Structures are given as structure tokens and as C-alpha cells.
Amino acid sequence: MEYNHNEIENKWQKYWAENKTYKSVIDHTKPKFYVLDMFPYPSGAGLHVGHPLGYIASDIYSRYKRLTGFNVLHPMGYDAYGLPAEQYAIQTGTHPAITTEKNIKRYREQLDRIGFSFDWDREVRTSDPNYYKWTQWTFIQLFKHWYNNKTDKAEPIEELIKEFEINGNKNIEAATSQEEIFTAKQWDAMTEKEQQENLMNYRLAYLSDTWVNWCSELGTVLANDEVVNGVSERGGHPVERKLMKQWSLRITAYSQRLLDGLEKVDWFESLKEMQRNWIGRSEGAGVYFKVDGYKENLLVFTTRPDTLWGATFMVLAPEHELVEQITTPDRKDAVEKYVKWAKNRSERERMSEVKTITGEFTGAYGINPVNGEKVPIWIADYVLAGYGTGAIMAVPAHDSRDFAFARHFELPIIQVVTSEGEEPVDPETWDESYDSKEGIMINSGFITEMEVKEAMKATIDYLEENTIGYGTVNFRLRDAIFSRQRYWGEPFPIYYKDGMPYPLDESELPLKLPKVDKYLPTEKGEPPLARAENWKTKEGYPLETNTMPGFAGSSGYYLRYMDPGNKDEYFSKEANEYWRDIDLYLGGDEHATGHLIYARFWNMFLYDIGLASEVEPFKKLINQGKIQGRSNFVYRIDGTNKFVSFNLRKEYKTARIHADVNFVDNDVLDVEAFRDWRPEFKDAEFILEDGKYICGWEVEKMSKSKHNVVNPDELMEQYGADTFRLYEMFLGPLENHKPWDTNGIEGVYRFIKKLWRLFFDENGNWIVTDEIPNDQELKVLHQTIKKIRNDIERFSFNTAVSQFMICVNELTDLKCHKKQVLENLTILISSYAPHIAEELWNRLGHNTSVTYAAFPEFKEEYVKENSFEYPVSFNGKMRFKIKLPVDMSKEEVEKRVMKEEKTKKYIGDKQVRKVIVVPKRIINIVIG
RNA sequence: GCCCGGAUGGCGGAAUUGGUAGACGCGCUGGUCUCAAAAACCAGUUCCUUCGGGAGUGCCGGUUCGAUCCCGGCUCCGGGUACCA
């Protein structure tokens with residue numbers, strides 16, 4: 001039989017589907033292994049050549065784990081809610097569900113063509129009511145829980161209410177926005193609405209007026225991680241700050257646990273570092289400053305309590321709630337003008353004008369609690385409303401931003417830290433502030449002469465003793481804004497009574513997405529769901545009109561895969577206790593500060609309430625690199641329709657034009673295809689070199705406009721899925737970002753055909769024999785077993801492909817067609833090239849899938865050498881090799897080498913200073 | 001600015017990190033087969049060379065018998081992040 005990839009691949013893909021070869025069920029006799037890919041958003045463009053990279057790697061790993069005796073869970077699904085389908089709906093009126101369904105179908109076809117070992121019976125889609133029922137259910141649980149800082153976990157809100165009824169909130173330590181203390185009596189006296197408002201400050205899912213990132217172009221708010229460089233991640237539209245009533249998740253309650261959990265997981269260090277920075281823990285102190293003439297206190301956060309004596313002014317964020325109250329009449333106009341200006345400035349403007357120093361004096365003064373000094377209170381937008389308390393004490397001598405501000409507005413600068421052994425110099429002469437935490441305190445009351453670190457501690461103690469401050473930890477992480485003013489997302493299971501939100505009863509779930517006439521906001525500016533008829537409960541209470549954000553559905557999908565059909569529960573205890581967590585998670589690192597933090601939070605909450613059995617959901621995580629495009633260019637001579645080949649282009653004035661990579665082969669342009677491409681090139685002329693038109697090339701993003709998109713379907717049609725899979729892996733290390741280059745796939749295709757010819761001769765006759773393999777053949781096989789196992793375990797898929805090539809080359813040279821060897825090779829390669837492996841396995845006489853075979857055992861004895869070819873180097877330079885027995889002693893080796901003619905030649909008339917013999921490594925002779 | 005990566009032939013990359021630099025593949029050169037081409041196969045391919053050798057893993061220096069690997073100082077490229085107090 002001739003190797004016909006299309007025939008073989010269709011046959012086995014059909015077989016796998018019909019026999020449910022990759023179906024996974026709980027099996028307590030085997031250890032479990034859960035391999036997960038980040039599920040895709042099914043976009044209309046389908047898969048390009050970059051998408052399957054991670055899926056191929058995880059598939060190889062899954063198949064390998066099956067061969068080594070694991071019960072593997074390897075599911076796939078779709079992150080089906082998303083903006084593109086909704087934007088398309090707005091333009092065309094097509095319901096996003098229809099677009100999504102169509103895209104999923106196309107994705108599935110493409111995925112199936114690559115031969116993945118997914119258990120499709122476990123497919124989940126975030127937009128499926130059977131799935132989002134549990135997203136809604138989890139939201140209700142978040143609404144019904146609060147975070148107890150004493151026990152460090154989420155607890156039911158009923159218990160909080162009980163405590164309020166007995167003691168009020170004075171003994172409660174919670175993650176809360178509630179600052180006022182009330183008694184049980186006061187609690188009792190509250191109306192239901194007041195009680196609900198109060199509880200809202202404790203709930204893990206809560207409604208509040210929040211400063212949000214508003215994107216008017218998209219008509220919705222965005223989470224912090226959805227805003228990049230001041231514009232929306234999707235579409236690049238401008239984003240502004242706006243105060244809106246929004247649902248949020250109190251993820252900040254989990255800041256410390258999210259940080260600590262990173263120590264327990266096996267992820268790339270760079271990714272962990274990104275999460276650490278995003279969580280942004282900083283230790284310091286909260287300090288109360290009295291406002292002169294008012295009873296209000298201003299609370300500031302500082303990481304340098306030791307520099308309190310150097311605070312010469314204070315700065316509030318323009319949005320700070322006390323600004324209006326404390327501004328003196330003479331400063332009112334200026335301050336109001338500034339606040340208005342700051343508010344209307346877009347995020348992007350604010351970020352690009354960081355260097356420009358702006359601010360206004362409020363006319364008010366704060367009183368430094370440690371020395372009673374009066375310090376002016378300013379407002380400036382370098383202080384952010386969203387971080388710390390939105391107010392700072394400014395220590396210009398020891399903070400570069402405060403220093404710049406003080407210089408600009410001519411405010412006093414007092415030095416309080418001096419570097420050890422140096423005399424203090426008048427700060428007026430400084431070029432920059434002294435920000436280092438190394439040094440000795442001066443001019444600082446009782447902490448003078450202390451070391452900085454000692455002074456910090458002493459100051460915090462002092463603040464706490466005198467109740468003018470406290471030691472504290474601040475996090476950069478913000479609560480996750482959870483409302484979106486869009487149609488295509490999960491409806492909130494929430495209704496409103498007297499303006500207060502209440503959760504639906506769980507029996508009402510799923511609350512299905514209603515039909516609307518248009519996918520746009522209403523005339524009154526309400527979200528699209530407000531257009532739905534009868535969008536209210538049975539009792540007539542109005543339902544929430546916002547929908548959940550994209551990360552809602554993706555935060556717990558990996559748990560649902562464990563038990564996707566469950567009608568009564570998110571997932572059963574039994575399923576979760578068996579599958580537990582993801583042993584290997586593969587995906588792009590663009591999710592570092594979004595999905596991967598939200599999902600950890602989601603899982604941690606489910607752990608707290610007793611559902612999930614592991615705190616951390618993703619034990620090991622690998623980021624695959626992005627595949628970039630490799631664009632090709634032609635060079636048109638200015639003012640002509642003549643194109644000059646790459647290496648001759650310097651002789652002319654040319655313009656560089658993208659040529660479609662699909663009619664360029666090894667940078668050689670198919671001139672006819674190019675002429676047919678566009679009418680304006682019909683009569684193009686070409687100046688060739690060596691009879692060819694050579695194109696220039698560059699690595700760019702893969703995109704339609706750059707004509708560098710390579711479609712996997714065409715490659716698979718031409719070379720087959722097995723070749724495609726091997727080639728994607730052969731491209732380079734999995735985690736590297738790398739350009740796609742179709743040049744080279746031929747080499748892998750040649751390899752596959754060469755593999756086939758170990759089993760069939762050129763006339764297609766089966767030539768496998770039952771002969772006993774010889775030592776050489778066994779050595780090749782066992783070297784390969786060892787290398788493949790090793791390489792897969794360390795995710796070095798590219799070098800494994802090389803080893804397969806070496807193995808097949810050597811077996812071909814040895815003319816080895818022996819069943820004992822080839823059978824093992826078939827199993828080895830089955831995780832990389834499953835179709836051809838399945839065909840060969842079948843022809844070797846097996847009637848079950850190679851999936852259920854056992855990974856060949858490596859036997860040291862077959863690769864053992866009794867001699868080693870020592871490289872002999874002189875002063876570190878390798879000159880010749882000499883074969884010696886491995887068990888020869890160092891002394892003996894030295895003696896033998898020194899006797900060699902060649903050794904004498906290279907020594908010449910020089911002196912031998914030293915001879916180094918490293919057994920089974922090297923011999924180095926030092927001469928000179 | 002700060003924090004992470006990275007730099008090896010014409011190209012993708014290897015060297016499981018002190019021990020033979022350039023595995024494997026692409027491309028290129030020559031050859032076999034063929035009327036010819038394709039395919040397939042064989043040989044060669046880091047650079048320079050006066051054919052003795054010499055140089056060589058971004059650059060400069062150090063440690064070592066020996067450095068792609070360790071240390072110090074740069075340059076360039078990629079990514080993340082940014083008035084975070």
C-alpha cells in the first residue's frame with residue numbers, strides 16, 4: 001500500500017469517533033491525569049496555523065500519559081460569549097447564538113481534522129443554559145457569602161446576620177467597605193432596606209457606586225485587565241473614568257491567599273511574577289492627619305512611616321470625597337476648575353502626560369500627628385483615587401514624585417534620612433530625592449539616629465499606641481467589576497425590590513437570556529436586556545439588566561468538565577474528588593492577569609464553601625508561544641509596474657509591497673500567481689536574479705491585511721495531519737514566540753514517508769519480518785525510547801521529533817524491518833502522529849487502538865557501551881578522537897594517549913604541563 | 001523608568017547548563033536515475049585559509065586545565081508594567 005495520508009486519517013478519525021476511543025470515566029484502579037487547554041473563543045475567522053500549537057502539545061502529552069498508565073481527562077469546549085458575535089449582531093441583526101453556533105461548527109471541523117484525543121462527550125459552552133446555570137449559581141453563592149478575616153475564609157451571610165443581631169458588628173473582622181460600627185440595637189432598628197444596604201458592604205458579590213473604566217464606543221464598562229494603555233483591549237477604543245452603580249466581586253478579600261498560593265504551583269517564574277505585581281502587596285502604615293479647623297481626619301497610606309517628620313505637604317486625589325468640604329472660599333474656583341479638568345481627561349491623556357506636573361492648593365492645612373506641624377493640603381492627579389486611601393503625605397526629600405511636585409510649586413523640603421557616614425546637605429541644592437531605604441534618621445524626634453528599618457517599626461508602634469495610625473498592608477489588586485452593559489453574556493440571577501437587589505431562588509435557574517428586538521442600549525441608555533419584554537419575576541419584580549463579563553464563564557469551566565452532564569449540581573463530589581485539579585494547563589500568557597487570577601479566586605471561593613477539593617486549580621501551567629506571521633514582500637520600481645528581485649532592489653528606487661505568502665515558496669515568487677492576484681499586477685514585469693524572483697521577508701503579526709495568514713486546512717490536505725502536528729512541534733521550543741514558516745514542512749513529510757517505508761517497500765508490499773533484532777537495532781530503539789520519554793516529560797517536543805528522525809534514518813541505514821523494533825517505534829510515535837501509528841499498529845496485527853498500548857520500557861543494557869570515543873584536546877581545542885574501554889582507569893587512559901603518534905605531533909617541542917582525564921567525557925592536555 | 005526573557009551557520013533550532021559547538025530539518029552545491037522534469041537516493045555545506053592551519057556562540061573583561069553555560073561591565077532585540085505613595 002502507498003502512503004495516502006487523507007485516506008488513513010479519515011479512516012482513523014472516524015474510528016475514534018465511532019468507538020469513543022478517548023472517552024474518560026472515573027476509574028479508581030488508575031491514577032488520574034487532567035490535561036487542559038485554555039478553551040477558545042470561536043471567532044468567525046476559524047483557526048489559523050498558530051492556534052493549534054498548544055493543543056497539539058497537550059494532545060501529545062495526554063496520549064503519552066495514557067500510554068504510561070494514567071486515566072487521562074482531556075476535554076475541550078468553547079468560551080462562547082464574546083464581543084465579536086455581539087458586534088456582528090448589532091450590524092446585521094443575526095442573533096449571536098446563531099453566529100456562535102456556526103463558528104463552533106467550523107472550529108469543530110478544523111479541530112477534528114488535526115486528530116485530537118479530546119473526550120467530546122464532556123464539551124462545555126459558556127453560553128449554554130445548562131452550563132451558565134452554574135455560573136449564575138456561583139454568583140448567588142458569592143452574593144450570599146462574606147469574607148471572615150478571622151477564619152480567613154468565606155462564610156454564609158446568615159451567620160453574619162446572627163452576629164449582628166447579638167453584638168452588632170463590633171467583633172467582626174471582615175473584608176468590607178463598611179466603616180461605621182453599629183450595635184445589635186441599632187441593627188434591629190434599621191429598616192429592611194437599611195439592613196440590606198449594610199449587608200451589601202460585606203457580600204462577596206456586591207452592588208456599589210464604583211469608579212469604572214467606561215468605554216463609550218463599546219457602550220460598556222471594562223475590568224482593569226481589559227484596559228491596555230488607556231484604551232480597550234478589544235478594538236482599542238478610548239476609556240474614561242466614570243462613577244457608576246455596578247456589581248463587583250470582592251476578590252481583594254483573597255489578595256493574600258492569591259499571593260501565597262503562587263508558592264504552591266509549578267508555573268513559569270515570569271508568569272508568577274506578573275501575578276505578584278498585579279496583586280501588588282506593599283507594607284506600610286495608615287496615618288490619620290487632622291484637618292485644621294475640622295473634626296474630620298484624613299487617612300493616608302505610606303510605605304515609609306519613618307519619613308513622617310519629613311512630610312511637608314499633603315496631596316489628595318481630585319476625586320477625594322473631602323476636597324469640596326475643606327477647600328477654602330478663595331481657592332474654590334481654582335480647585336473646582338482643576339477637578340473638572342482632571343475628570344474630563346481621558347485615561348490615555350493622563351498616562352501620556354505623566355511628566356507634566358499639575359495640582360492646586362485647597363487652602364486647607366493638615367496637622368502632622370507626630371510633631372503638630374501644619375502642612376498645606378493640595379490636590380493633584382498623580383495621586384490616584386483608586387489606590388490606598390486616595391490621599392498621601394508628601395515627603396519630597398525622599399520620594400521622587402513628591403520632590404518634583406515640591407520643586408514645581410516651591411514647597412519646602414526637609415531631609416530626614418541620610419546615607420550612613422555622610423553629612424546632610426541642604427535639600428535646596430539637590431538634583432533628586434534620596435529614595436533609598438538604607439540610611440540613618442535625622443530631624444525626626446525620637447527616631448532620630450535610628451536605622452530606616454528600625455525607625456519604621458518604632459514609628460508604627462508609636463502610631464498604634466497613640467491611636468493616630470496603624471501598621472497595615474496594601475494591595476494594588478482591585479475588586480473585579482462584574483457588570484457589563486451588553487447583551488451576549490450571562491444574565492444576573494437578581495431582581496430588584498424597593499430598589500434593593502435580591503437573588504432568585506436556585507430553583508429558578510438558569511435564568512435564560514431573553515429575546516430582544518435590537519442588541520443596542522435603550523433610548524434611556526439602559527443595557528440591551530431592558531428591551532426584553534416581561535423581563536421580570538413571576539411576582540413582577542424587575543430583573544437585573546446588566547450581564548456578566550467574559551471572565552465569568554471561564555472562571556470555573558475546568559470544574560464543570562469533571563461532570564458536565566450533572567443536572568442537580570455544578571459537579572458531583574465524587575467526580576471532583578477523583579479528578580481534583582488540573583495537572584497540566586496549557587495556554588497563552590496573555591491571560592496572566594485576567595483569567596488566571598479570576599479562576600484562582602473562583603476556585604478558592606468554591607473551596608471555602610466546600611465544593612472544590614483543591615485550593616489551587618492549576619498545578620502546572622505552561623505558556624505556549626505565539627506564532628507570528630512571516631510576511632513576504634515584492635519591490636516595485638517607483639513609477640513603473642516593474643518588480644525587482646530582492647537582492648537587486650538597491651539599484652532602484654522601490655516601494656515595498658506585501659505579497660501573499662500562499663504564492664511564495666522558499667521566498668521564490670510564483671510570478672504567474674502574482675499576476676493573477678490583482679488586476680493591477682496583470683501586466684507586471686519582473687527583474688529576476690538567477691532566473692527567479694526572490695522576495696524579502698519580515699516577521700509580523702499574523703493578519704489578513706499583511707497577507708501572511710496560513711490556513712491549516714490546506715496544509716493538512718497537502719501533507720496530512722500527522723505531518724502538520726510533527727511540523728508544528730518541530731518549529732522550535734513550545735514556549736518561544738516564533739514566526740510561521742511553511743518552508744521546512746517538506747522535510748517532515750519526507751520523514752513520515754521514510755517511516756512508512758520501514759514497513760512497506762516501494763511497490764507497497766508489507767516487508768515487516770519476525771526476525772530477532774540485533775544489538776545495533778536494539779540500541780537505536782532503546783536510545784529512542786529513553787530520549788522520547790525524557791523529552792516529553794520536559795516538554796521538549798521539538799527535540800523529540802529530531803530523535804524520531806534520527807531513529808528512522810538509522811533503522812533505514814540498518815535495513816531493519818523487524819517487528820519487535822517497529823512495533824515499539826509505532827507506540828512511541830503514536831502520540832505525535834496518531835493516524836499513521838494507528839494504521840501501522842493495525843497492520844502489525846492488533847485489533848484495538850494503539851491508545852491502549854503500553855509505552856515501551858527502556859532497558860539500559862541495550863545502550864550500554866563498553867568503549868568510549870574520547871575527544872583529545874590540547875589547551876581546550878579538540879584535535880582527534882581515540883576509542884578506549886569505559887572501565888579503563890584514568891592513569892591507564894593518560895598513558896595510552898601519551899603514547900599516541902598524534903599526541904606527540906600536537907605536543908611538538910612544547911612542554912606538557914598537565915593532563916586532565918574525565919572518564920567518559922574528555923581528555924585535555926595542557927601544553928605550553 | 002522598573003521587572004522579566006533572549007542574542008549560536010544563509011534560515012528554524014540542538015548541545016537535558018562547565019567537558020567533542022552547530023544534532024535534526026530547511027535552503028544551497030555536486031552527483032545517481034531519467035529523453036527531460038518531478039520524486040527518490042548518495043555526497044558536501046560555520047567562516048577564513050597560502051591547505052600547514054587560524055578564527056568562532058552579540059561586544060569588552062574575569063574565573064577555570066577547559067566557558068554557549070559561571071562572574072563583572074556594556075550593546076541590541078522581545079515581552080510585561082508604570083505617577084501604586
Side-chain angles (χ1 to χ4, degrees), chain A residues 228-229 268-274 276-278 280-282 284 300-304 307 315 350-351 353-357 380-384 386-395 399-402 404-405 474-478 589-590 592-593 625-626 628 630 666-668 697 699 726-727 730-733 735-748 750-751 753-754 757 762 787 790-791 793-794 796 798-806 809 812 869-881 913-918 920-928:
Chain A
V228 178
N229 293 327
F268 288 162
E269 198 49 42
S270 59
L271 191 81
K272 288 194 195 179
E273 201 54 34
M274 269 185 186
R276 285 190 198 109
N277 292 338
W278 191 260
R281 184 183 200 271
S282 51
V300 303
F301 173 71
T302 177
T303 54
R304 294 294 302 274
T307 62
V315 186
R350 200 181 58 76
M351 288 168 84
E353 289 162 23
V354 159
K355 294 279 176 295
T356 332
I357 294 160
D381 72 350
Y382 83 88
V383 174
L384 306 175
Y387 183 78
T389 60
I392 63 158
M393 64 175 207
V395 185
D399 180 283
S400 53
R401 293 150 311 175
D402 297 346
F405 195 83
N474 217 328
F475 291 93
R476 201 194 82 121
L477 187 70
R478 302 269 63 90
D589 60 4
E590 66 273 22
T593 52
K626 250 193 223 66
Q628 295 141 304
R630 187 183 187 277
N666 279 322
D667 294 330
V668 177
W697 62 273
V699 173
L726 284 162
Y727 187 58
F730 192 53
L731 234 37
E735 65 276 14
N736 284 13
H737 298 288
K738 51 202 166 244
W740 177 264
D741 186 354
T742 307
N743 302 343
I745 194 167
E746 290 276 357
V748 176
R750 260 174 228 146
F751 155 75
K753 286 189 288 189
K754 205 165 173 182
R757 278 198 307 278
E762 58 273 29
K787 176 94 172 120
N790 226 316
D791 285 352
E793 293 280 6
R794 63 191 180 103
S796 178
N798 55 326
T799 53
V801 178
S802 295
Q803 181 60 35
F804 283 127
M805 291 173 170
I806 293 167
N809 287 345
T812 304
E869 197 169 33
Y870 280 93
V872 182
S873 46
F874 294 80
N875 293 345
K877 201 95 199 160
M878 206 278 285
R879 292 304 180 185
F880 66 91
K881 289 177 187 174
R913 304 206 179 268
K914 208 171 178 184
V915 179
I916 288 136
V917 177
V918 185
K920 287 168 78 180
R921 282 257 188 236
I922 199 170
I923 298 160
N924 191 22
I925 298 167
V926 187
I927 52 175

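All values below come from the heavy atoms of this structure, side chains included, with hydrogens, waters and symmetry mates left out. Keep in mind it's a predicted model, so treat the numbers as computed, not measured. Chain letters run A, B, ... following the sequence lines, proteins first and then strands; every chain starts at 1.
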Taking the side chain of [X] as heavy atoms from C-beta outward, which of [options] is closest to it?
{"X": "A:Ser802", "options": "B:rA40, B:rA23, B:rG25", "value": "B:rA23"}
{"X": "A:Lys881", "options": "B:rA40, B:rU20, B:rA14", "value": "B:rU20"}
{"X": "A:Lys753", "options": "B:rA40, B:rA23, B:rG19", "value": "B:rA40"}
{"X": "A:Phe730", "options": "B:rU20, B:rG12, B:rG19", "value": "B:rG12"}
{"X": "A:Lys754", "options": "B:rC24, B:rC41, B:rG13", "value": "B:rC41"}

- chi for B:rG54 classified (syn = within 90 degrees of 0, anti otherwise) as anti
- Task: Based on the glycosidic angle (syn within 90° of 0, else anti), state the conformation of B:rG9.
- Result: syn
- Item | Heavy atoms of other groups near A:Arg921 CZ, more than 12 under 6.0 Å | no
Using atom [atom1] of [X] as one end and atom [atom2] of [N] as the other, report the distance to the nearest whole Å.
{"X": "A:Glu746", "N": "B:rA38", "atom1": "CD", "atom2": "P", "value": "13 Å"}
{"X": "A:Ile925", "N": "B:rC65", "atom1": "CD1", "atom2": "P", "value": "16 Å"}
{"X": "A:Met878", "N": "B:rA21", "atom1": "CE", "atom2": "P", "value": "6 Å"}
{"X": "A:Asn743", "N": "B:rC11", "atom1": "CG", "atom2": "P", "value": "14 Å"}
{"X": "A:Tyr727", "N": "B:rC26", "atom1": "OH", "atom2": "C1'", "value": "7 Å"}
{"X": "A:Gln803", "N": "B:rA15", "atom1": "CD", "atom2": "C1'", "value": "14 Å"}
{"X": "A:Phe751", "N": "B:rA40", "atom1": "CZ", "atom2": "P", "value": "15 Å"}
{"X": "A:Glu273", "N": "B:rG5", "atom1": "CD", "atom2": "P", "value": "9 Å"}

- Does the ring centre of A:Phe475 sit less than 6.0 Å away from the ring centre of A:Trp278? no
Checking all strands, does [X] fall into the base, sugar-phosphate, or nothing category for heavy-atom contacts under 4.0 angstrom?
{"X": "A:Arg750", "answer": "sugar-phosphate"}
{"X": "A:Pro739", "answer": "nothing"}
{"X": "A:Ile916", "answer": "base"}
{"X": "A:Val926", "answer": "sugar-phosphate"}
{"X": "A:Arg757", "answer": "sugar-phosphate"}
{"X": "A:Arg276", "answer": "nothing"}

Will you find, in the side chains of [X] and [Y], an N or O donor that is under 3.5 Å from an N or O acceptor?
{"X": "A:Ser802", "Y": "A:Thr799", "result": "no"}
{"X": "A:Asn809", "Y": "A:Lys754", "result": "yes"}
{"X": "A:Tyr382", "Y": "A:Asp402", "result": "yes"}

Which whole number of Å gives the distance between the [atom1] atom of [N] and that of [M]?
{"N": "B:rG9", "M": "B:rC60", "atom1": "P", "value": "15 Å"}
{"N": "B:rG66", "M": "B:rA21", "atom1": "C1'", "value": "14 Å"}
{"N": "B:rC70", "M": "B:rU17", "atom1": "P", "value": "12 Å"}
{"N": "B:rC2", "M": "B:rG18", "atom1": "C1'", "value": "33 Å"}
{"N": "B:rA15", "M": "B:rU32", "atom1": "C1'", "value": "35 Å"}
{"N": "B:rG58", "M": "B:rA67", "atom1": "C1'", "value": "16 Å"}
{"N": "B:rG19", "M": "B:rG27", "atom1": "C1'", "value": "32 Å"}
{"N": "B:rG56", "M": "B:rA7", "atom1": "C1'", "value": "15 Å"}

- Message: Check the orientation of A:Phe874 and A:Phe880. Use parallel for under 30°, tilted for 30 to 60°, and perpendicular for over 60°.
- Response: tilted
- Message: Please confirm whether the shortest side-chain N or O distance from A:Arg879 to OP1 or OP2 of B:rG66 is below 4.0 Å.
- Response: no
- Distance check: side-chain N/O of A:Asn798 vs OP1/OP2 of B:rA14, anything under 4.0 Å? yes
Both distances below 3.5 Å, Watson-Crick or wobble geometry, any strand: find the nucleotide opposite [N].
{"N": "B:rA37", "result": "none"}
{"N": "B:rC69", "result": "none"}
{"N": "B:rU29", "result": "B:rA43"}
{"N": "B:rC74", "result": "B:rG58"}
{"N": "B:rC83", "result": "none"}

- Salt-bridged, A:Lys626 to A:Glu735, with N to O below 4.0 Å? no
- Per-nucleotide protein contact string for nucleotides 79-85 of chain B (B base, S sugar-phosphate only, - none; heavy atom under 4.0 Å): -SSSBBB
- Does the pair A:Met393 and A:Val395 meet the rule for a side chain to side chain contact (heavy atoms under 4.5 Å, CB included), with working shown? CA-CA 7 Å; A:Met393 64 175 207; A:Val395 185; 3.8 Å; yes
- Query: Can you find an N or O donor on one side and an acceptor on the other, under 3.5 Å apart, linking the side chain of A:Asn924 with the base of B:rC65?
  - Reply: yes
- Task: Between A:Leu731 and A:Val918, just flag the one whose closest nucleotide in RNA chain B comes earlier from the 5' side.
- Result: A:Leu731
Any heavy-atom pair between the side chains of [Y] and [X] that's under 4.5 Å?
{"X": "A:Arg630", "Y": "A:Asp741", "answer": "yes"}
{"X": "A:Leu731", "Y": "A:Asn798", "answer": "no"}
{"X": "A:Ile922", "Y": "A:Ser873", "answer": "yes"}

